[in-house]
Amino acid sequence: MIWRQIDGDRELVVGERAGGVLIQGDARTVDLSAYQGRVQCVYLDPPFFTGDDFNFRMRIGEKGWTDGSQNLVLGAYSDSFPGGRAQYLSLLRSLLEKAYALLSDTGALFLHLDSRMSAHARLLCDQIFKENNFINEIIWAYQSGGRAKRHFSRKHDVILFYAKSKALYFDISRVAVPRKDNRSNHMRRTVDAQGRACRTIKAGGKVYTYYDDEPVFPDDVWADVSHLQQKDPQRTGYDTQKPLALLNRIVRCCTRPGDIVADLCCGSGTALVAAAENDCRFLGVDLSPHAISVCRKRLLDTTLEVRTPFDRTPARLKAEMVPGIGYYEIELEDFDAALQFPEGTQFQPKGLQIGGLDAIDQWSVGFLRDGAYKTYVSSARRKQTPALKTLLELPLLRGQVAVSIVDVLGNRTLWVADSQA
Ligand SMILES: C[S@@+](CC[C@H](N)C(=O)[O-])C[C@H]1O[C@@H](n2cnc3c(N)ncnc32)[C@H](O)[C@@H]1O
């Protein structure tokens with residue numbers, strides 16, 4: 001059966017959980033007017049002005065996904081600004097203005113930076129969000145990374161928390177943490193008249209009592225969330241990926257189920273995953289095609305709309321489609337990806353050849369309907385499922401059957417069988 005590529009503007013994935021929209025593009029210029037004033041939480045984790053280039057490590061084939069021994073290292077995004085600080089701050093200003101316009105009156109902004117630009121960012125936020133809407137400067141302290149000898153090691157990021165207005169919705173009770181059993185402090189451990197375990201301390205002639213079974217809420221120094229370790233199962237291969245625990249705290253404290261969380265520099269999509277886990281809808285934007293393919297894979301169980309045109313590539317697809325009773329069986333036989341590796345691509349091991357189905361990272365089957373491609377069944381390589389399912393069963397529904405493929409370079413192509421065209 002001959003398959004040919006067709007154009008398409010968007011993909012709708014039929015998922016089981018609350019979902020959202022993913023857009024590949026420049027957040028400064030992408031049209032988000034439909035979301036104006038409707039977003040409850042904007043998380044922004046933009047470039048930090050490090051001067052570095054960041055990569056995406058794409059595992060290749062079943063072997064690569066099983067033991068990490070076959071990879072492509074691809075450029076993901078650049079954090080260099082030839083125009084210097086002025087150019088960087090102009091990006092930040094545009095992102096903050098966009099965030100401000102998106103937020104509802106009860107909404108919250110979390111701007112994640114490090115010590116390089118946080119002072120400048122604070123002044124920008126004061127201008128755009130107004131000084132009296134500043135809520136917290138959160139210090140995310142961690143231990144990972146090397147140790148410096150010429151200065152104190154830099155072991156924290158700064159997260160600036162601003163409200164859109166005085167109507168901010170914030171519920172700290174949703175982010176309670178376990179009480180630390182700090183026996184070295186000066187509190188007296190005891191039980192009260194009802195037998196409840198507590199600690200007491202006397203200060204200024206007054207006795208303060210803290211019950212062991214009462215929730216404890218984080219303060220503005222977050223030292224209880226560690227960076228992702230090298231072997232962390234959450235790791236997607238996208239540099240600068242943040243831990244889910246950090247984003248869960250941010251999303252939970254300022255949203256209710258059904259709210260919209262936006263991340264305008266979504267990278268691997270951690271904030272979007274946190275939104276979905278907390279029954280919120282999401283809006284993710286990123287410039288990098290690798291970011292979009294990682295996000296798509298992480299969010300495949302949500303009702304997802306990828307609002308980005310499909311690519312056209314020189315690839316060729318071989319697949320069979322057999323109608324059964326109540327479903328179609330679509331079997332992937334071969335894929336000639338004709339990959340065009342961008343300059344600077346690293347092959348691990350050197351000379352790695354990528355042929356056939358190894359060039360596929362994700363594929364799905366669905367229908368063309370009302371001008372969109374609707375995905376019903378998918379298979380994607382993951383650490384837990386390194387092999388691609390080569391046979392997918394599609395329910396017999398109205399519409400033209402189509403196949404979508406995301407290759408290891410992040411190209412998304414859409415295919416229809418010629419006999420049906
Ligand atoms: C620090 S990373 C985000 C990491 C993300 N929080 C995560 O957990 O994976 C910054 C991201 O900003 C994106 N980016 C940079 N400039 C952008 C722009 N103008 N519009 C949209 N995304 C942009 C980069 O492609 C990169 O993925």
Side-chain angles (χ1 to χ4, degrees), residues 21-32 35 41-58 74-83 87-99 101-102 109-118 121 138 140 142 144 157-160 225-229 232-251 261-277 282-299 306-308 342 410:
V21 175
L22 263 184
I23 303 173
Q24 185 193 336
D26 188 326
R28 290 171 292 187
T29 48
V30 152
D31 178 14
L32 302 178
Y35 289 89
C41 169
V42 176
Y43 172 70
L44 277 183
D45 177 19
F48 284 12
F49 199 56
T50 60
D52 297 327
D53 289 332
F54 291 96
N55 291 326
F56 170 52
R57 182 180 301 269
M58 176 83 224
L74 301 154
Y77 71 97
S78 169
D79 191 351
S80 286
F81 293 83
Q87 187 192 4
Y88 176 79
L89 291 178
S90 145
L91 165 70
L92 208 53
R93 174 182 284 281
S94 307
L95 294 173
L96 287 167
E97 284 170 352
K98 201 97 180 192
L102 290 179
L109 166 82
F110 290 84
L111 173 62
H112 190 148
L113 293 171
D114 66 9
S115 53
R116 289 180 187 89
M117 283 294 128
S118 66
I138 297 163
W140 175 35
Y142 41 76
S144 51
D157 286 4
V158 176
I159 303 174
L160 298 176
V225 179
S226 53
H227 248 304
L228 296 177
Q229 305 301 314
D232 197 301
Q234 275 180 55
R235 269 196 184 271
T236 61
Y238 199 89
D239 279 353
T240 69
Q241 177 184 349
K242 302 298 179 298
L244 198 48
L246 185 81
L247 271 304
N248 265 324
R249 182 172 293 169
I250 289 173
V251 166
V261 175
D263 184 343
L264 305 182
C265 294
C266 63
S268 70
T270 315
L272 316 180
V273 174
E277 282 192 357
F282 55 79
L283 168 64
V285 183
D286 202 287
L287 271 176
S288 162
H290 306 302
I292 299 303
S293 53
V294 174
C295 289
R296 181 188 183 276
K297 192 192 291 195
R298 289 181 91 184
L299 295 160
V306 187
R307 204 179 286 166
T308 296

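First listed ligand is number 1; within each ligand, the first listed atom is number 1.
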Nearest protein heavy atom with distance in Å, relative to [atom]:
atom                    : answer
atom 21 (C) of ligand 1 : Leu264 O, 3.3 Å
atom 17 (C) of ligand 1 : Leu287 CD1, 3.5 Å
atom 13 (C) of ligand 1 : Asp286 OD2, 3.3 Å

Output yes when a side-chain donor or acceptor of [X] lies under 3.5 Å from a complementary backbone atom of [Y], and no otherwise.
X      : Y      : value
Lys242 : Ala271 : no
Asp79  : Asp52  : no
Tyr88  : Pro47  : yes

If you count the atoms of ligand 1 from 1 in the order shown, which ones are under 4.0 Å from a heavy atom of [X]?
X      : answer
Tyr238 : 25 (O), 26 (C), 27 (O)
Leu91  : 19 (N)
Thr270 : 7 (C), 8 (O), 9 (O)

Among Val306, Val285, Ile23, side chain to side chain contact (heavy atoms under 4.5 Å, CB included) partner for Ile292
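The passing option is Val306.
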Close N or O approach (Asp45, ligand 1; < 3.5 Å):
yes
Taking distance alone, with no angle check, do Asp26 and ligand 1 share an N/O pair under 3.5 Å?
yes
Starting at CG of Asp157, measure out to CG of Leu113 and round the result to the nearest 0.5 Å.
8.5 Å
Given Gly267, Cys265, Gly284, Ala27, which one has a non-hydrogen atom that is nearest to atom 12 (O) of ligand 1?
Cys265
Quick one: which of Ser268, Pro243, Gly25, Pro289 has a heavy atom closest to atom 7 (C) of ligand 1?
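Among Ser268, Pro243, Gly25, Pro289, the closest heavy atom to atom 7 (C) of ligand 1 belongs to Ser268.
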Apply the test side chain to side chain contact (heavy atoms under 4.5 Å, CB included) to residues Ile250 and Ile138: give CA-CA distance (whole Å), side-chain angles for both, the deciding distance (0.1 Å), then the verdict.
CA-CA 11 Å; Ile250 289 173; Ile138 297 163; 5.9 Å; no
Looking at ligand 1, would Cys266 count as a contact under a 4.0 Å heavy-atom criterion?
yes
Test salt bridge (charged side-chain N to carboxylate O under 4.0 Å, His left out) applied to Glu277 - qualifying residues, sequence neighbours left out
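Testing Glu277 for salt bridge (charged side-chain N to carboxylate O under 4.0 Å, His left out), a comparison that skips the adjacent residues, returns none.
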Could you walk me through whether Ser268 and Arg298 satisfy the side-chain hydrogen bond (donor to acceptor under 3.5 Å, both in side chains) test, starting with their C-alpha distance in whole Å, then the side-chain angles of each, then the deciding distance to 0.1 Å, before giving a yes or no?
CA-CA 8 Å; Ser268 70; Arg298 289 181 91 184; 3.2 Å; yes
